[in-house]
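Report on one structure; see the data block that follows.
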Amino acid sequence: MAGFLVRRILGALVILMIISAVTFYLFYAIPRDPARAFCGKICRPETLDLIRHNLGMDEPLFVQYWHWLAGIFMGREFVQFGACPAPCLGYSFATQEPVFSAILDRFPVTLSLTLGASLVILSFGILTGMLAAWKVGRPLDKIASSSSVIGASLQIYFIGPLLAFYLVDTLELIPRPSYVPVSEDPVGWFTHLLLPWVVLSIIFTANYTRMTRSQMVEQLTEDYVRTARAKGMSGRTVFFRFAWRGAMIPIVTIFGVDLAALLGGAIITEQTFTLHGIGELAVRAVQNTDLPMLLGVTIVGATAIVILNIVVDVLYAVIDPRVRLS
Amino acid sequence: MTFPSSAPSPAAAETTEDTAGSADPAGSAPAIVGRSPGRLMWRRFRRDRTGVVSALVVLAFFLIALLAPVISKLYGKDPYTTYGQNRPGLLNEFGYPIAPNGGMSGEFWFGLEPGLGRDVFMQLVYGIRTSLSIAVVVTLVTVVLGVVLGITAGYIGGKTDYVIGRVIDTLLAFPQQLFLIVFLPVVEAAIVLPEEETPVWLRFVSICVVLTVLGWAALARLLRSQVLSLRTREFVEAARVTGASPARIIFKELLPNLWTPIIIQGTLLLPLFVGAEAGLGFLGVGMTEPTPDWGRMFQVGVNVYHSDVTYLIFPGVSMVIFVIAFNLFGDSIRDAFDPKTKR
């Protein structure tokens with residue numbers, strides 16, 4: 001277990017190094033000069049050079065990358081902005097705020113959104129999938145299967161505004177989606193995020209319904225299920241206590257793979273409901289060609305995905321004792 | 001052994017039924033006819049009613065995309081003219097259509113776009129054209145790239161396999177949506193100087209490049225694993241022993257066995273790319289004005305839905321229909337090619 005964790009973490013670090021190096025190189029290799037943006041309309045060459053020096057952009061690319069990388073662990077000193085403490089991802093070119101604190105400010109929004117949605121997706125998807133498998137071929141199964149086809153084909157940016165129009169604008173059932181810090185008002189946090197959770201979940205739940213159903217159907221043909229039945233256990237006990245566990249294993253794996261897609265869905269959901277999360281930060285940074293911000297968001301996003309993937313792998317071993325992590 | 005024509009044999013009955021509807025000239029006699037896998041697939045597919053209907057719907061969308069200029073001519077409007085601004089009495093002082101339901105009328109079938117007052121029907125038709133062309137180009141390039149790299153990695157093995165395998169792993173570890181939006185300006189800025197206006201074709205190319213770069217890995221990984229198991233099979237060994245060149249082995253021995261997964265993955269990828277391209281348009285980093293774009297219509301829709309929810313319905317419903325039809329079509333193709341796999 002410990003060996004596995006060490007190896008996975010090292011592998012994750014390598015992947016993150018590659019991602020950051022590739023992103024860094026691509027961003028700074030483009031012929032768009034960020035120093036020019038600072039310089040303003042009337043820009044003398046000396047001023048441009050000075051700004052470039054202040055931003056640390058007059059050095060070779062790998063030195064710049066090294067500074068950036070070192071900044072994450074040790075902090076760094078900017079002539080332009082002053083000191084930048086330990087997890088330093090630089091300063092935004094567009095708003096001049098430190099990148100790390102900007103991301104940190106918006107992190108709770110995206111985290112609440114994705115965690116809440118994952119909870120809905122897993123519980124609801126698995127529940128409907130199991131019900132469908134329990135009544136294979138019956139109307140309930142058919143309804144679950146066909147609605148999962150439709151659910152998977154919906155778009156966040158279509159049903160999001162549509163539901164918001166009917167539930168928020170017209171019927172006034174729930175408040176307009178926004179982010180209320182959970183520490184201030186847990187109930188408000190819940191009600192304000194309800195619609196984004198539902199919308200983000202609809203797209204993904206379908207997949208889990210379908211997978212759970214087919215996994216359950218498959219598990220029911222396994223030997224251990226037959227043994228349990230032969231021992232005289234009721235169908236219900238076998239179904240909900242035994243077969244269920246076997247079916248969960250691939251679901252957890254797929255969930256690990258889906259996390260990245262879920263983050264992508266969160267970006268679109270944030271934009272749909274104008275929630276000020278990391279996705280919105282990224283989109284705005286793209287529109288401003290704000291390189292330090294883009295680099296920071298990319299690295300933080302990739303790190304989150306990689307860490308969560310390791311967590312899922314460990315979880316995998318917890319659920320299935322047959323799996324030896326080695 | 002020959003079957004008497006009146007025998008109640010299931011095989012004979014099946015043959016007669018099949019030849020009744022097909023153009024197979026040899027099928028007039030109820031004999032056992034040899035069928036190629038392609039013909040078998042076609043026969044199974046034709047019987048699948050869901051498959052046929054969804055195929056027709058998909059076909060209709062492609063026809064709309066292809067014939068957009070013809071539709072425009074017949075309909076008498078184009079997607080660029082700001083009818084609502086040019087003609088008084090169509091939009092109110094806030095820029096919303098005066099007529100109910102988003103300004104739907106006999107003249108403007110799907111109503112008017114709030115603000116600019118362009119024709120929604122034409123926006124949609126041309127938007128579908130833009131999005132589908134991007135999706136088709138990306139799917140084709142992705143499949144070719146995935147096939148070439150997947151087969152190369154699987155067949156050559158060794159260091160090549162290791163390098164391609166690690167590239168695939170890294171690509172699949174990327175948070176895709178984030179990278180899509182992040183890399184788009186990079187690809188573009190790499191070609192265009194900041195002072196210049198980005199030409200439309202370049203936007204098109206850079207969207208295609210980004211989607212392709214991030215899209216080929218899954219298919220390549222699938223094909224790599226298929227090739228790994230195929231290359232140890234006897235028929236490949238036999239071909240190698242008889243002195244067949246690697247090219248011959250790849251094209252004549254391996255590829256025929258891979259068509260099924262390639263076509264199935266291709267049909268799964270296309271709606272994904274339509275969604276991804278629309279997502280870019282929605283986030284405001286896809287195709288830019290004035291080029292009509294399916295996804296960008298949602299961006300407008302999200303901004304105006306409080307006052308004019310009708311505008312959102314048309315791109316939304318059409319996209320849902322398209323994606324459902326394409327997914328069902330993909331499922332039917334899979335069933336037709338590979339009837340043993342159950343979903």
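Chain identifiers are assigned alphabetically (A, B, ...) following the order of the sequence lines, protein sequences preceding nucleic acid strands; residue numbering begins at 1 within each chain.
Heavy atoms of A/Ala304 lying under 4.5 Å from chain B are absent altogether. Heavy atoms of A/Leu263 lying under 4.5 Å from chain B belong exclusively to its side chain. Looking at A/Val297, the atoms closer than 4.5 Å to chain B (heavy atoms on both sides) sit in the backbone and in the side chain alike. If you measure heavy-atom distances from A/Ile305 to chain B, the contacts under 4.5 Å come from the side chain alone. Contacts of A/Ile18 with chain B are made by side-chain atoms alone, with heavy-atom separations under 4.5 Å and no backbone atom involved.
Per-residue heavy-atom pair counts under 4.5 Å with chain B were compared for A/Leu294, A/Ile15, A/Ile159, A/Ile268, and the maximum is reached by A/Ile268. Counting heavy-atom pairs closer than 4.5 Å to chain A, the top residue among B/Gly284, B/Gly301, B/Ala278, B/Pro271 is B/Ala278. When each of A/Phe165, A/Tyr166, A/Phe273 is scored by its heavy-atom pairs under 4.5 Å with chain B, the top score falls to A/Phe165.
Annotation: the span from A/Ser178 atom OG to A/Leu195 atom CG amounts to 11.0 Å, rounded to 0.5 Å. The distance from the CG atom of B/Asp293 to the CD1 atom of B/Ile134 is 6.5 Å, given to the nearest 0.5 Å. Atom CD1 of A/Ile267 and atom CG of A/Leu262 lie 11.0 Å apart (nearest 0.5 Å). Interatomic distance, CH2 of B/Trp216 versus OG1 of B/Thr142, reported as 10.5 Å (0.5 Å rounding). Rounding to the nearest 0.5 Å gives a distance of 6.0 Å between CD1 of A/Ile251 and CD of A/Gln215. For the atom pair CZ (B/Phe61) and OG (B/Ser318), the distance works out to 5.5 Å, reported to the nearest 0.5 Å.
For B/Phe62, the CZ atom sits in a packed shell: over 12 heavy atoms of surrounding residues, nucleotides or ligands are nearer than 6.0 Å. Crowding of B/Arg221 atom CZ: a count of heavy atoms from other residues, nucleotides or ligands under 6.0 Å not exceeding 12.
Side-chain atoms of B/Phe110 and B/Gln123, non-hydrogen and from C-beta on, never get closer than 4.5 Å to each other. Side-chain contact between B/Met319 and A/Phe158 is absent, with no heavy-atom pair separated by less than 4.5 Å. Between A/Pro292 and A/Leu89, the closest side-chain pair of non-hydrogen atoms is not below 4.5 Å. Counting heavy atoms from C-beta outward, B/Gln265 and B/Leu268 have side chains that approach closer than 4.5 Å.
Side-chain atoms of B/Arg296 come within 3.5 Å of backbone N or O of B/Thr291 as a donor-acceptor pair. Between the side chain of B/Thr139 and the main chain of B/Gly266, no donor-acceptor pair closer than 3.5 Å is present. Side chain of A/Thr128 to main chain of A/Gly125: a donor-acceptor pair is present (N/O by atom type, distance under 3.5 Å, no hydrogens or angles).
For the side-chain hydrogen bond (donor to acceptor under 3.5 Å, both in side chains) condition, the pairs that include at least one residue of residues 258-271 of chain A, sequence neighbours left out, are A/Thr110-A/Glu270, A/Tyr208-A/Asp258.
Within residues 277-285 of chain A, the residues having any heavy atom less than 4.5 Å from a heavy atom of chain B are, in residue-number order, A/Ala282, A/Val283. Interface with chain A: from residues 302-317 of chain B, residues B/Val302, B/Tyr305, B/His306, B/Val309, B/Leu312, B/Ile313, B/Gly316, B/Val317 qualify, criterion being any non-hydrogen pair under 4.5 Å. For residues 322-330 of chain B, a heavy-atom distance under 4.5 Å to chain A picks out B/Val323, B/Ile324, B/Asn327, B/Leu328, given by residue number.
Shown are B/Ile207, B/Ile181, B/Val210; of these, the side chain to side chain contact (heavy atoms under 4.5 Å, CB included) with B/Val285 is made only by B/Ile181.
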